[in-house]
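Everything numeric here is computed off the predicted structure, so don't read it as measured data. First the proteins, then the strands, lettered A, B, ... as listed; each starts at 1.
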Amino acid sequence: MSNQDKPVRVRFAPSPTGMLHIGGARTAIYNWAFARATGGTFVLRIEDTDPERSTEENTQIILRALRWLGLDWDEGPEVGGPCGPYFQTQRTETYEAALEKLIEAGAAYPCFCSKETLDAKREAAEKTEGGYAGYDRTCRSIPAEEAAARIAAGEPHVWRLKVPEDHGPVTFQDAVYGDMSFPIDVMDDMILRRTDGTFTYNYAVVCDDVNMGITHVIRGDDHLSNTPRQVLVYEALGAEVPMFAHLSMILGADGKKLSKRHGATNVEEYRDRGYLPDALVNFLALLGWSLDGETTIIPPAELCRTFSLDRITKKHSIFDEKKLDWMNGVYIREMGAPAWVDVAKPWLAQANLDGSNVADGVTVVPTPTKEEAAAAAAELRVPGEGVDADTWEACLADVDDDHEFYEAMYPLVAERLAHLDEIPAKLAFLFWGDSVVLDEKSVQKVLLKEGARADEALAICRAILANDENPWDAEALEELCRAAGEEAGLKPKLLFQPLRVAVCGNMVSPPQFEAMMLMDPADIVARIDGVAQKVFN
RNA sequence: GUCCCCAUAGUCUAACGGUUAGGACGCGGCCCUUUCAAGGCUGAAAUACGGGUUCGAUUCCCGUUGGGGGCACCA
């Protein structure tokens with residue numbers, strides 16, 4: 001039975017050297033979705049063989065990011081499985097065993113060339129015409145007895161793969177690139193085991209993939225050129241070569257490799273900025289893959305039904321945050337109030353905190369310039385930061401205790417949010433009590449506008465809102481105000497905008513009457529009075 | 001240096017020899033509207049270039065240009 005007839009087994013194999021990067025996340029998503037779509041198995045393997053950079057903490061960060069994205073693995077850390085251990089550092093015996101096999105079969109040989117000689121040879125070769133063509137195979141011709149003696153004498157050596165002399169071009173199948181073929185003469189005898197006894201990556205991955213029964217290797221295309229080298233190892237091991245699928249790179253908006261200066265490059269930063277995991281998964285899935293070229297909203301569950309390797313693109317793609325924002329908004333609008341409150345809890349608590357900490361009475365604050373506003377939006381603000389733990393806990397608890405109250409905020413902002421961290425700025429006014437923070441520009445353009453009669457507008461609305469015989473109902477109050485305004489010869493805009501500024505502090509706000517339903521009527525009247533006095537007296 | 005890969009609007013993509021080159025984000029306009037959104041309608045916007053093959057090329061071949069990746073006792 002060939003690999004292609006066997007049940008699918010795929011793996012995601014991150015190195016725990018930092019955060020889970022956007023590119024890594026997409027690789028994980030494709031592996032996961034492919035496993036789910038085919039009823040296969042998704043294996044998570046940690047490639048922690050670089051002691052310099054690999055840490056336990058980083059492993060945890062990556063697992064946490066995968067969990068947040070909703071990518072569950074069938075075998076791997078924490079869940080175990082029949083092919084463990086799932087950490088490369090714990091698998092050295094398997095590499096040893098495989099190397100023994102290769103040595104026995106005459107497919108590997110010891111090399112006594114020092115790193116220094118090799119480096120010198122390479123440097124010299126690079127200066128000549130033709131350049132460096134790989135290891136010159138000096139040690140290949142050392143007779144077995146001599147080699148054994150030198151090893152026994154303790155001479156430092158590495159083990160190299162003996163590329164077969166009569167091998168034709170190295171070929172393999174790639175679901176994205178099709179049939180690949182590489183000339184054999186550019187393949188040098190790669191090192192399998194280093195002088196210090198550790199094993200090289202290109203050797204270790206193949207051992208692992210063979211021993212874990214991986215049928216499809218889905219990974220970044222930075223490995224495309226390494227693949228023939230690895231295929232040689234599969235062949236030497238007598239193992240079946242899996243199907244590959246190499247994924248093109250994800251670049252920043254300027255077409256350059258994604259890096260810090262592009263803003264967020266790792267998954268948890270998107271979480272912290274209020275993106276929903278489903279939206280991020282949907283978005284990343286579409287970077288290099290399409291369902292039919294038409295469908296853009298593909299929730300994870302749908303992805304797990306429809307994902308296929310044959311619709312992966314070869315071309316690199318650019319990460320367009322604008323589109324992510326749009327897509328996140330779509331998911332926010334579709335998720336419904338209860339789920340929204342749960343996921344938005346930290347930001348709702350922050351809105352409460354921000355609103356409650358406002359100065360007493362009516363204050364006027366300068367309108368931020370475009371640049372200031374953009375800078376503020378770009379800055380990552382972690383909810384609860386700089387607040388004492390007890391206060392913060394209380395704010396969070398308030399969201400749980402008063403879930404329905406917070407759910408009522410959902411229709412106010414659901415169609416106005418690109419990401420959840422915009423919540424505090426949009427909803428803090430609900431928590432002002434009888435105080436108001438007036439935006440300076442709004443005061444000028446609405447309350448103090450020539451001929452606007454804003455003072456009259458406020459008086460008219462105040463009378464209606466203060467009259468407790470009127471039903472406390474958004475639509476009813478709005479209609480009463482509208483009628484009264486009409487009678488006074490005030491167009492809706494001239495009537496309602498002053499009220500909006502007085503109650504919400506800004507000429508731009510969520511629907512004001514619906515918002516007022518979440519506030520204390522007495523506070524609203526107090527705000528109107530306060531503003532009227534501050535601005536008109 | 002060498003091997004390999006890529007190329008449809010600003011961006012993500014569809015079209016696997018025959019379409020008025022389709023969809024989505026973004027951008028413009030109109031409608032809706034007390035703000036901002038959301039929503040509806042609508043507009044501008046692409047086959048990198050040059051050669052072939054073919055009755056016919058986005059599609060196949062070659063070249064040019066422009067991008068990217070690998071070639072380590074890193075992963």
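Looking at heavy atoms from C-beta onward, A:I297 lies in side-chain contact with A:V330 at the 4.5 angstrom threshold. The side-chain heavy atoms of A:Y30 and A:F12, taken from C-beta on, include no pair separated by under 4.5 Å.
At least one donor-acceptor pair under 3.5 Å links the side chain of A:N31 to the backbone N or O of A:T27. Remark: the backbone N or O of A:Y86 is not paired with any side-chain donor or acceptor of A:Q90 at under 3.5 angstrom.
Of all nucleotides present, only B:U11 satisfies the Watson-Crick or G-U wobble test against B:A24, with each distance under 3.5 Å. Applying the Watson-Crick and G-U wobble criteria (two distances, each under 3.5 Å), B:C60 pairs with B:G52. Partner assigned to B:A38 is none, using Watson-Crick or G-U wobble distances below 3.5 angstrom. Partner assigned to B:U2 is B:G70, using Watson-Crick or G-U wobble distances below 3.5 angstrom.
Nucleic acid contact for A:C461: none, since no nucleic acid atom lies under 4.0 Å from a heavy atom of the residue. Counting any heavy atom pair closer than 4.0 Å across all strands shown, A:G220 reaches no nucleic acid atom. Among the protein residues, A:D119 comes within range of no part of the nucleic acid, since none of its heavy atoms lies under 4.0 Å from any strand. Residue contacts for A:T195: at a heavy-atom cut-off of 4.0 Å it reaches a base atom on one of the strands shown. Across all strands shown, A:T49 has heavy atoms under 4.0 Å from sugar-phosphate atoms exclusively, and none from any base. At the heavy-atom level, A:S509 lies under 4.0 Å from base atoms of the strands shown. Looking at heavy-atom distances under 4.0 Å, A:L495 makes no contact with the nucleic acid at all. Contacts of A:H246 with the nucleic acid, taken as non-hydrogen atoms under 4.0 Å apart, are absent. A:P511 comes within 4.0 angstrom of a nucleotide base, judged by non-hydrogen atoms across all strands. Residue A:Y177 is in sugar-phosphate contact alone, with no base atom involved, counting any heavy-atom pair closer than 4.0 Å across all strands shown. Heavy atoms of A:R229 sit under 4.0 angstrom from primed sugar atoms or phosphate atoms, though from no base atom. A:D221 comes within 4.0 angstrom of sugar-phosphate atoms only, judged by non-hydrogen atoms across all strands, and of no base.
Contact annotation: A:R219 side-chain N/O to B:G69 OP1/OP2 distance is not under 4.0 Å. OP1 or OP2 of B:A14 has at least one side-chain nitrogen or oxygen of A:S290 nearer than 4.0 Å. Residue A:R311 places at least one side-chain N or O under 4.0 Å from the OP1 or OP2 atom of B:A15. A:R333 has a side-chain polar atom (N or O) that falls below the 4.0 Å cut-off from OP1 or OP2 of B:G39. Contact check, A:R482 against B:U34: a side-chain N or O comes under 4.0 Å of OP1 or OP2.
For A:D50, taking side-chain heavy atoms from C-beta onward, the closest of the listed nucleotides B:U11, B:C74, B:U35 is B:C74. For A:Q497, whose side chain is taken as the heavy atoms from C-beta onward, the closest listed nucleotide among B:U8, B:U35, B:C4 is B:U35. Nearest to the side chain of A:R416, among B:U35, B:A75, B:C3, sits B:U35. Of all nucleotides listed (B:U34, B:C3, B:C12), B:U34 comes nearest to the side chain of A:P492. Between B:C36, B:U34, B:G26, one nucleotide has an atom nearer to the side chain of A:E478 than all others, and that is B:U34. Listed candidates were B:C73, B:G69, B:A75. Nearest to the side chain of A:K257 is B:G69. For A:T313, the listed nucleotide lying nearest its side chain is B:U13; candidates were B:C73, B:U13, B:A24. Each of B:C73, B:A75, B:C4 was ranked by its minimum atom distance to the side chain of A:S15; first place goes to B:A75. The A:S317 side chain lies nearest to B:U13 when the options are B:C73, B:U13, B:C71. Here the side chain of A:E415 is nearest to one of B:U34, B:G23, B:A38, namely B:A38.
No donor-acceptor contact under 3.5 Å links the side chain of A:S225 to the base of B:C3. A donor N or O paired with an acceptor N or O is not found under 3.5 Å between the base of B:C25 and the side-chain atoms of A:K322. Remark: the A:K115 side chain and the B:A72 base include no donor-acceptor N/O pair separated by less than 3.5 Å. Residue A:Q512 places no side-chain atom within donor-acceptor reach of the base of B:U35, judged by atom type and a 3.5 Å distance cut-off alone.
In this structure, A:L258 atom CG and B:G68 atom P are separated by 15 Å, rounded to whole Å. To the nearest angstrom, P of B:G67 lies 22 Å from CD1 of A:I250.
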Stepwise ring-ring contact (aromatic ring centres under 6.0 Å, His included) test for A:F283 and A:F319
CA-CA 9 Å; A:F283 178 76; A:F319 192 97; 5.2 Å; yes

One pair to check against side chain to side chain donor-acceptor pair (under 3.5 Å): A:Y275 and A:D325. What are the steps and the verdict?
CA-CA 8 Å; A:Y275 288 89; A:D325 280 352; 2.4 Å; yes

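Surrounding CD of A:E486 are at most 12 heavy atoms belonging to other residues, nucleotides or ligands under 6.0 Å away.
The P atoms of B:U53 and B:U11 are separated by 33 Å, rounded to the nearest whole Å. Rounded to whole Å, the separation between the C1' atoms of B:C41 and B:C32 comes to 11 Å. Separation of the P atoms belonging to B:C4 and B:U8 is 22 Å when rounded to the nearest angstrom. Atom name P, nucleotides B:C27 and B:A38: the rounded distance is 9 Å, in whole Å. With P as the reference atom, B:G66 and B:G17 are 31 Å apart, rounded to whole Å. Taking the P atoms as reference points, B:U19 lies 9 Å from B:U58, given to the whole Å. Comparing the C1' positions of B:A72 and B:C3 gives an interatomic distance of 16 Å, to the nearest angstrom. Rounded to whole Å, the separation between the P atoms of B:C25 and B:U20 comes to 25 Å.
Relative ring orientation between A:F112 and A:H157 is described as tilted, the plane-to-plane angle lying within the 30° to 60° band.
Nucleotides of RNA chain B nearest to A:D196 and A:F182 differ in position, and the one nearer the 5' end is that of A:F182. With RNA chain B read from its 5' end, the first of the two nearest nucleotides for A:D222 and A:F199 is the one closest to A:D222.
Side-chain rings of A:Y201 and A:H223 approach one another, their centers coming within less than 6.0 Å.
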